[in-house]
Amino acid sequence: MLADFNPSTTTLKPMSIGGIVVDPPLTLAPMAGHTNHAFRVICREMGDCGLVCTELISGHIVQERSARSFKMFDWSDVEHPFAVQLFGSDPAMMAEAARMVADAGADIIDINMGCWVPKLVKKGAGAALLRDVCTATLVVGAVVRAVNIPVTVKVRSGWDAQQITAVEFAHAAEDVGVQAVSVHGRTAAQGFSGTADWNIIRQVKEAVKHIPVIGNGDVFCAADAAKMLAMTGCDAVMIGRAALGNPWIFRQTAHELNMGETLPAPTLTERAAVALRHARLTIESTYLNERQAVYELRGQISKYHLDAPGTVAVRNRLVQAETLADIEFILTPLLEE
Ligand SMILES: Cc1cc2nc3c(=O)[nH]c(=O)nc-3n(C[C@H](O)[C@H](O)[C@H](O)COP(=O)(O)O)c2cc1C
């Protein structure tokens with residue numbers, strides 16, 4: 001998309017979220033099933049990912065002190081700065097969950113107001129809050145008052161084309177003390193269809209007074225990031241799907257925007273080495289048993305493009321892997337290519 005935009009005319013300036021410096025202003029989007037400890041560390045290690053975020057975690061089960069939620073407290077010091085994303089619609093429950101997450105070392109609490117899966121929406125959480133700006137503001141205000149660390153929110157443009165509420169909500173959220181807003185330029189009704197509307201990101205940026213705005217949606221390369229920054233005036237760019245299997249995208253983008261030149265793409269050997277590290281780190285750090293973790297890894301590792309163009313041999317073998325040893329057996333020969 002927009003690959004003809006000239007990235008060399010854009011410079012990246014560090015962003016501050018309530019005193020937490022995000023430098024460069026390129027952030028990893030929260031993605032359930034992907035942005036666990038292993039992947040967040042890999043994105044940091046590959047360079048120039050200014051902020052990482054956990055997958056969404058239920059405020060309800062955190063507040064209940066359920067063993068399940070504590071298993072998702074998988075972060076460690078090497079990830080700083082990082083945000084922990086919570087979802088829920090009950091202000092008191094979210095406040096309590098936020099306190100527990102802050103006590104467990106998070107730098108930032110991010111509140112999910114974009115997820116449209118029916119399980120969440122039925123309970124009034126995630127994107128459902130975009131239909132109810134009043135409750136959304138109560139939730140955010142309660143969380144802000146509960147913790148001493150910055151609180152951010154991640155929204156979609158609105159619930160549907162008739163209810164575009166991101167601007168109204170961003171105003172209200174800033175007034176109750178939110179320190180940054182991330183905006184994915186699609187409505188909840190859109191899911192992932194169509195293209196992201198970056199105008200809404202610009203409108204939110206123009207509407208808020210002092211807090212940074214993070215633009216999100218359909219950034220697949222450095223030129224897209226440059227174009228989003230220029231078109232919307234946003235303070236940072238959040239990258240999701242394009243980072244899957246390509247944790248180099250942050251370094252590639254920062255280099256292209258800051259230095260005006262394109263970095264060479266990682267070689268097959270480099271991709272295989274990072275994919276292998278991703279698999280090993282996952283098994284070391286996951287709360288899942290090895291078999292469950294390898295099932296998740298099959299899809300994640302397949303995204304590293306480990307096959308020569310037009311072939312699928314490695315991918316076909318990866319989808320049959322049952323253990324870490326199977327993945328190691330498939331990937332190790334690629335390290336010698
Ligand atoms: C597999 C997957 C899981 C996601 N999980 C979350 C999530 O847990 N919390 C959230 O706020 N957004 C979630 N999202 C949305 C992304 O954070 C992001 O807003 C969206 O993918 C658009 O950005 P992109 O075009 O750079 O991918 C998810 C997206 C994907 C593809």
Does any part of the side chain of Met113, heavy atoms only, come nearer than 4.5 Å to the side chain of Val140, both counted from C-beta?
yes
Excluding sequence neighbours, so at least two apart, what forms side chain to side chain donor-acceptor pair (under 3.5 Å) with His278?
Tyr304
Would you check if Val41 and Arg277 make a side-chain contact, meaning some heavy-atom pair closer than 4.5 Å?
yes
Min side-chain heavy-atom separation Leu130-Val155 under 4.5 Å:
yes
Minimum heavy-atom distance Leu257-Leu12, with the two atoms named:
CD2-CD2, 3.7 Å
Between Trp75 and Phe82, how do the two ring planes meet: parallel, tilted or perpendicular, split at 30° and 60°?
tilted
Backbone N or O of Gln190 within a donor-acceptor pair of the Thr187 side chain at under 3.5 Å?
yes
Sidechain-backbone polar pair: Glu256 side chain, Thr253 backbone, donor-acceptor under 3.5 Å:
no
Determine the minimum heavy-atom distance between Gly59 and Met94, stating which atoms define it.
CA-SD, 4.1 Å
Ignoring hydrogens and angles, tell me if any N or O in the side chain of Asn316 forms a donor-acceptor pair with the backbone of Val319 under 3.5 Å.
no
Are Met228 and Cys234 side-chain neighbours, meaning at least one heavy-atom pair lies under 4.5 Å?
yes
State which residues pass side chain to side chain donor-acceptor pair (under 3.5 Å) with Asp235; sequence neighbours excluded, sorted by chain then number.
Lys205
Strictly by salt bridge (Lys or Arg N to Asp or Glu O under 4.0 Å), give each pair with a member in residues 173-200 just once, sequence neighbours left out.
Asp175-Lys209, Arg186-Asp218
Under 3.5 Å, is there a donor-acceptor pair between the Asn258 and His255 side chains?
no
Which residues pass the side chain to side chain donor-acceptor pair (under 3.5 Å) test with Thr323, not counting sequence neighbours?
Asp326
Determine whether a donor-acceptor pair (N or O, by modelled atom type, separation under 3.5 Å) exists between the side chain of Thr152 and the backbone of Ala180.
no
Spell out, as yes or no, whether a donor-acceptor pair under 3.5 Å connects the side chain of Gln300 to the backbone of Gly33.
yes
Flag the pair Leu86 / Val101 as yes when at least one side-chain heavy-atom distance between them is below 4.5 Å, and no otherwise.
yes
Can you find a pair of side-chain heavy atoms, one from Val151 and one from Ile108, that are under 4.5 Å apart?
no
Tell me which pairs pass salt bridge (Lys or Arg N to Asp or Glu O under 4.0 Å) where either residue lies in residues 284-299, with sequence neighbours left out.
Arg291-Glu322, Arg298-Glu322
Looking only at atom types and distance, does a side-chain atom of Thr311 sit under 3.5 Å from a main-chain N or O of Ala308, one as donor and one as acceptor?
yes
pair Thr27-Val52: side-chain heavy atoms closer than 4.5 Å:
no
Residue set satisfying ring pair (Phe, Tyr, Trp, His ring centres under 6.0 Å) with Phe70, at least two apart, ordered chain then number -> Phe73
Pairwise salt bridge (Lys or Arg N to Asp or Glu O under 4.0 Å) hits with a residue in residues 99-115, at least two apart
Glu96-Arg99
Grab the two heavy atoms, one from Leu306 and one from Ala275, that are nearest each other, plus how far apart they are.
CD1-CB, 4.2 Å
If you compare all heavy atoms of Gly124 against all heavy atoms of Ser89, which two are closest, and at what distance to 0.1 Å?
O-CB, 3.3 Å
Would you say Arg156's side chain and His184's backbone share a donor-acceptor pair under 3.5 angstrom?
no
Donor-acceptor pair, distance only, cut-off 3.5 Å: does the side chain of Glu206 make one with the backbone of Gln203?
no
Heavy atoms, side chains only, cut-off 4.5 Å: are Gln85 and Glu55 in contact?
no
Hydrophobic cluster partners of Phe87 (side-chain heavy atoms under 4.5 Å)
Leu56, Val117, Leu120
For residues 306-319, which residue pairs qualify under salt bridge (Lys or Arg N to Asp or Glu O under 4.0 Å), counting only residues two or more places apart or in two chains?
none
Listed by chain and number, what are the salt bridge (Lys or Arg N to Asp or Glu O under 4.0 Å) partners of Asp74, not counting sequence neighbours?
Arg40
Where at least one partner belongs to residues 90-109, residue pairs that pass ring pair (Phe, Tyr, Trp, His ring centres under 6.0 Å), sequence neighbours excluded
none
Contacts of type side chain to side chain donor-acceptor pair (under 3.5 Å), residue Lys119, not counting sequence neighbours
none
